[in-house]
Amino acid sequence: MIPPGASVAGANAGAAMPPAVSVRPEILRKRADFLRAARGRRQAMPGFVLQGIARGDESGAIRVGFTCSKKVGNAVARNRAKRRLREIARHVLPAAGRPGWDYVLIGRREATAARPFADLLADLETALTRLHGLAR
RNA sequence: GCGGAUGGCCGGAUGGCCGCGGGGGGCGGCAACGCCCCGCGAGGAAAGUCCGGACUCCCCGAAGCAACGGUGCCGGGUAACGCCCGGCCGGGGAAACCCGAGGGAAAGCGCCACAGAGAUCAGACCGCCACGGUCACCCCGGAGGUUCGCCUUCGAAGGAGCCGCGGUAAGGGUGAAACGGUGGGGUAAGAGCCCACCGCGGGGCUGGCAACAGGCCCGGCACGGCAAGCCCCACCGGGAGCAAUGCCAAAUAGGGGCCCUAUACGGGCGGCUUCGGCCCCGGGGCCCGGGUUGGCAGCUGGAGCGCGCUGGUAACAGCGCGCCGAGAGGAAUGGCCAUCGCCGGCGCGAUCUACGCGGCGGUACAGAAUCCGGCUUACAGGCCAUCCGCGCGC
């Protein structure tokens with residue numbers, strides 16, 4: 001099972017090794033931030049739903065939040081989905097995210113936990129591209 | 001070895017890359033913060049939120065009574081419990097063992113359908129039996145007739161059947177349950193009518209702390225079931241919950257107090273006018289309390305865990321030594337990968353078992369949210385001990 005891992009590592013070489021100058025994404029914790037992001041653009045993917053909005057303040061930080069409601073499953077299923085979303089955000093957002101934006105990743109029942117990790121990474125990149133395209 | 005019963009335990013391992021949440025230390029920096037190092041970081045059920053507590057706030061003189069809710073054989077354990085341990089009784093099993101809301105039905109009310117003759121101080125449907133009446137039929141005797149086979153008629157004893165009037169609670173049948181069961185005597189047939197044993201009720205005796213058990217005497221036997229319908233008795237119980245509760249504080253809006261502004265624009269006050277004064281409104285400053293949101297505390301060292309000894313059948317308790325084992329708050333404890341375990345079935349190695357190799361599939365239930373003690377429910381796979389029965393060997 002070497003080829004898949006190698007291809008992902010090669011394709012995401014830039015994303016997997018974020019440059020030191022890039023700011024690590026901050027985590028959203030306030031309900032108000034989530035409500036504002038929900039008013040922005042949304043892009044549905046097989047493993048998750050992405051929401052994003054430009055904050056419009058002078059801070060250049062990329063921020064991201066995670067949502068898994070009870071529709072995703074019991075506590076174990078929700079936690080697992082949230083952890084996988086956290087992991088793909090950590091890999092992709094520093095390179096593909098836009099400074100000054102807030103993103104929210106929403107977990108989906110079964111799909112978020114079952115979809116191969118490499119696919120999830122690719123999904124987030126294309127979702128970000130489409131979201132930014134809509135915003136333009 | 002096979003089948004079964006009970007109690008207890010585990011619930012993947014190692015490594016690599018990249019991460020997360022607390023804590024401690026070091027360096028840089030006024031600080032915010034950044035970097036480095038060390039150590040810690042989910043469960044047996046963390047789950048359901050069903051009981052019992054600790055801890056907070058609210059209410060409240062004490063006690064009793066009433067209401068409401070809960071518990072319910074006895075003894076013990078415990079901070080407490082509806083939990084646990086030991087025992088008793090009843091039921092199931094060949095046994096180990098398992099199951100039981102298991103106080104009171106002579107305090108009272110209520111209910112007991114259907115079936116059945118009759119369902120509580122009940123009842124005669126079938127059956128059984130005695131007596132009275134009637135009589136088919138059989139046997140005997142007399143008289144008459146005769147084809148000598150027998151026929152008719154009268155009388156008497158018995159008598160199936162039918163009718164009437166009674167006896168009976170043994171048997172059949174109905175039912176969850178039928179004035180207790182089995183056997184014998186007895187009787188017309190039967191019946192606690194009488195007797196023995198069992199059961200039941202009462203009394204005292206012995207053993208036991210008790211639930212209760214054992215045997216003795218008396219009574220021929222009455223007092224049906226449901227209390228998970230109401231009820232009675234005994235015991236227990238204030239309410240709400242960590243989003244409890246306490247502390248700190250910015251912006252905005254609003255409330256209160258004090259001071260200043262005033263001659264202002266405006267309104268009011270002493271009969272009127274002027275000056276002056278006071279008050280309201282307006283503006284400014286300071287302070288106070290409430291409050292949204294946010295932050296801090298509560299927040300984890302405790303009815304704690306491990307080992308040993310002592311007491312106890314045990315639950316458990318005491319003592320000694322050792323240990324610190326999550327503390328988040330849109331909520332960390334992870335993501336990806338490799339190797340190895342474990343289980344299942346398949347193929348190959350000689351046919352099976354054992355064993356080896358190969359590839360395939362599976363590796364559960366489930367995520368702390370103030371903290372403890374329980375209960376209940378879920379769970380891939382596995383381990384240990386004790387006991388019962390059967391088989392084999394010594």
Determine the contact category for A/Arg83: base if any of its heavy atoms lies under 4.0 Å from a base atom, sugar-phosphate if only primed atoms, P, OP1 or OP2 are that close, otherwise nothing.
base
Over all strands shown, is A/Leu28 touching base, sugar-phosphate only, or nothing at heavy-atom distances under 4.0 angstrom?
sugar-phosphate
Euclidean distance, atom [atom1] of residue [X] to atom [atom2] of [N] [Å, nearest integer]:
{"X": "A/Asn79", "N": "B/A332", "atom1": "CG", "atom2": "C1'", "value": "10 Å"}
{"X": "A/Arg86", "N": "B/C336", "atom1": "CZ", "atom2": "P", "value": "13 Å"}
{"X": "A/Lys82", "N": "B/G19", "atom1": "NZ", "atom2": "C1'", "value": "17 Å"}
{"X": "A/Leu105", "N": "B/G330", "atom1": "CG", "atom2": "C1'", "value": "14 Å"}
{"X": "A/Phe66", "N": "B/G19", "atom1": "CZ", "atom2": "P", "value": "15 Å"}
{"X": "A/Asp119", "N": "B/C336", "atom1": "CG", "atom2": "C1'", "value": "14 Å"}
{"X": "A/Arg63", "N": "B/G330", "atom1": "CZ", "atom2": "P", "value": "14 Å"}
{"X": "A/Arg115", "N": "B/C336", "atom1": "CZ", "atom2": "P", "value": "14 Å"}

Check this one for me: any side-chain N or O of [X] less than 4.0 Å away from OP1 or OP2 of [N]?
{"X": "A/Arg90", "N": "B/G334", "value": "no"}
{"X": "A/Asn74", "N": "B/G367", "value": "yes"}
{"X": "A/Arg80", "N": "B/A366", "value": "no"}
{"X": "A/Arg78", "N": "B/A331", "value": "no"}

Applying the 5.5 Å / 30° rule, does A/Phe117 stack onto the base of B/G335?
no
Test log, rule side-chain contact (heavy atoms from CB on, under 4.5 Å), inputs A/Arg84 and A/Phe117:
CA-CA 8 Å; A/Arg84 299 195 92 205; A/Phe117 192 70; 3.7 Å; yes
Do A/Asp123 and A/Phe48 come close enough that some side-chain heavy atom pair is under 4.5 Å?
yes
Given side chains that start at C-beta, do those of A/Trp101 and A/Val64 come closer than 4.5 Å, heavy atoms only?
no
Roughly how far apart, to the nearest Å, are [N] and [M] at atom [atom1]?
{"N": "B/G118", "M": "B/G123", "atom1": "P", "answer": "11 Å"}
{"N": "B/A191", "M": "B/U182", "atom1": "P", "answer": "11 Å"}
{"N": "B/G382", "M": "B/U313", "atom1": "C1'", "answer": "33 Å"}
{"N": "B/C235", "M": "B/C197", "atom1": "P", "answer": "45 Å"}
{"N": "B/G24", "M": "B/G329", "atom1": "P", "answer": "16 Å"}
{"N": "B/G4", "M": "B/G393", "atom1": "P", "answer": "24 Å"}
{"N": "B/U351", "M": "B/A378", "atom1": "P", "answer": "46 Å"}
{"N": "B/G22", "M": "B/C85", "atom1": "P", "answer": "44 Å"}

Where does [N] land, syn or anti, given syn is within 90° of 0?
{"N": "B/G267", "result": "anti"}
{"N": "B/A42", "result": "syn"}
{"N": "B/G373", "result": "anti"}
{"N": "B/G359", "result": "anti"}
{"N": "B/G22", "result": "syn"}

Do A/Arg42 and A/Leu50 pass the side-chain contact (heavy atoms from CB on, under 4.5 Å) test, and can you show the C-alpha distance, the side-chain angles, and the key distance before you say yes or no?
CA-CA 6 Å; A/Arg42 53 189 294 129; A/Leu50 175 69; over 6 Å; no
A/Arg63 vs A/Ile27, test: side-chain contact (heavy atoms from CB on, under 4.5 Å). Steps then yes/no.
CA-CA 6 Å; A/Arg63 305 200 304 175; A/Ile27 306 297; over 6 Å; no
If you only use heavy atoms from C-beta on, which nucleotide in B/A366, B/A368, B/G335 is closest to the side chain of A/Ala75?
B/A368
Rounding to 0.5 Å, atoms CG (A/Asn79) and CG (A/Asn74) come to a distance of 9.0 Å
Just how far is it from atom NE2 of A/His91 to atom CG of A/Leu124, taken to the nearest 0.5 Å?
11.5 Å
